[in-house]
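Following: one structure in structure tokens, then a few remarks.
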Amino acid sequence: FEKFIFDVLPDAKRVLNVEFAREDEFSPVKNATGVDSPDMARRDMTLKFARWLEKCGIKVPVNAAGDPVYKLEVDPCFALGPEDLKKKLPRDFKITGDVLLK
């Protein structure tokens with residue numbers, strides 16, 4: 001009963017292909033725990049926003065494994081990418097705890 005996007009393409013009147021970096025836009029949730037779980041999707045989102053912040057010149061604290069120490073989230077109503085985010089952050093912005101920008 002599972003269908004993939006390519007299974008329904010023959011039924012579509014119009015098709016539009018969109019290319020993107022997988023690590024920025026896709027993190028599957030198929031399992032309750034472990035690989036492809038909500039925890040992994042949250043981790044992937046945090047890594048995405050850490051990359052955004054670093055592109056803005058913000059130092060993101062990381063642990064020994066290189067993962068961000070704090071939860072990071074940027075609401076799409078606040079910024080749609082690092083360039084947009086940079087315009088909205090104060091020059092003295094520092095990460096000292098969990099970050100939710102909305």
Side-chain angles (χ1 to χ4, degrees):
F1 296 109
E2 181 177 0
K3 282 197 172 204
F4 294 97
I5 189 69
F6 53 80
D7 294 326
V8 297
L9 289 178
D11 299 324
K13 291 181 182 174
R14 288 183 285 157
V15 176
L16 172 69
N17 292 315
V18 179
E19 184 177 357
F20 54 83
R22 179 185 173 106
E23 65 273 8
D24 285 337
E25 301 297 333
F26 180 75
S27 185
V29 176
K30 297 181 178 184
N31 303 309
T33 59
V35 176
D36 295 343
S37 69
D39 287 338
M40 291 302 292
R42 276 189 290 275
R43 177 183 169 271
D44 291 345
M45 284 180 52
T46 297
L47 290 170
K48 170 185 175 175
F49 297 127
R51 288 191 299 275
W52 284 19
L53 288 160
E54 296 212 337
K55 284 182 181 178
C56 294
I58 307 297
K59 175 135 175 59
V60 176
V62 296
N63 61 22
D67 293 324
V69 175
Y70 302 112
K71 296 176 187 173
L72 308 170
E73 186 172 346
V74 180
D75 187 310
C77 292
F78 186 81
L80 292 174
E83 299 80 15
D84 194 22
L85 181 60
K86 187 171 187 170
K87 294 175 194 172
K88 296 180 179 180
L89 289 176
R91 289 181 183 232
D92 62 345
F93 187 82
K94 291 189 183 353
I95 299 173
T96 58
D98 293 344
V99 173
L100 172 58
L101 299 171
K102 59 181 188 169

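Quick caveat: nothing in here was measured; it's all calculated off a predicted structure.
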Decide yes or no for Val74 and Lys102: does some side-chain heavy atom of the first lie under 4.5 Å from some side-chain heavy atom of the second?
no
Indicate, with yes or no, if Met40 and Val29 share a hydrophobic cluster defined by side-chain heavy-atom contacts under 4.5 Å among Ile, Leu, Val, Met, Phe, Trp and Tyr.
no
Assigning hydrophobic clusters by single linkage (Ile, Leu, Val, Met, Phe, Trp, Tyr; side-chain heavy-atom cutoff under 4.5 Å), is Ile95 placed with Leu85?
yes
Can you name the closest pair of heavy atoms from Leu72 and Phe49 and give their distance?
O-CD1, 3.4 Å
Is the shortest side-chain N to carboxylate O distance from Glu54 to Lys59 below 4.0 Å?
no
When rounded to the nearest 0.5 Å, the distance separating CZ of Arg43 from OG of Ser37 is 10.5 Å
Ignoring hydrogens and angles, tell me if any N or O in the side chain of Asp75 forms a donor-acceptor pair with the backbone of Cys77 under 3.5 Å.
yes
Which heavy atom in Pro38 sits nearest to a heavy atom in Ala32, and how many Å separate them?
CD-O, 3.8 Å
Evaluate side chain to side chain contact (heavy atoms under 4.5 Å, CB included) for Asp44 paired with Glu23, printing each intermediate quantity in order.
CA-CA 7 Å; Asp44 291 345; Glu23 65 273 8; over 6 Å; no
Is it true that, when you exclude Ile5 itself, more than 12 heavy atoms of the residues, nucleotides or ligands shown sit nearer than 6.0 Å to its CD1?
no
Decide side chain to side chain contact (heavy atoms under 4.5 Å, CB included) for Asn17 and Val15; before the verdict, give the C-alpha distance in whole Å, the side-chain angles of both, and the deciding distance to 0.1 Å.
CA-CA 7 Å; Asn17 292 315; Val15 176; 4.2 Å; yes
Going only through I, L, V, M, F, W and Y residues with side-chain contacts under 4.5 Å, is there a path from Tyr70 to Leu47?
no
Test of understanding: clusters of I, L, V, M, F, W, Y form through side-chain heavy atoms closer than 4.5 Å, transitively. Do Val99 and Val62 belong to the same one?
no
Looking at every non-hydrogen atom in both residues, tell me the closest pair between Ala41 and Ser27 and how far apart they are.
CA-OG, 3.3 Å
With the side chain counted from C-beta on, respond yes when Ile58 and Leu89 share a heavy-atom pair under 4.5 Å apart, and no when they do not.
yes
Nearest heavy-atom neighbours spanning Ala79 and Trp52
O-CZ3, 3.8 Å
Could you walk me through whether Lys55 and Glu83 pass the salt bridge (Lys or Arg N to Asp or Glu O under 4.0 Å) test, one step at a time?
CA-CA 8 Å; Lys55 284 182 181 178; Glu83 299 80 15; 6.0 Å; no
Distance, nearest 0.5 Å, that separates SG of Cys56 from CZ of Arg91:
13.0 Å
Atom CE in Met45, atom CD in Glu25: separation rounded to 0.5 Å?
10.5 Å
Donor-acceptor pair, side chain of Lys71 and main chain of Asp98, under 3.5 angstrom
no
Using 30° and 60° as the class limits, which term best fits the ring planes of Phe4 and Phe6: parallel, tilted or perpendicular?
parallel
Take a 6.0 Å sphere around NZ of Lys86 and say whether it holds more than 12 heavy atoms from other residues, nucleotides or ligands.
no
Asn63 side chain to Gly66 main-chain N or O, any donor-acceptor pair under 3.5 Å?
yes
With a 4.5 Å cut-off on side-chain heavy-atom distances among I, L, V, M, F, W and Y, is there a chain of contacts connecting Leu100 to Phe78?
no
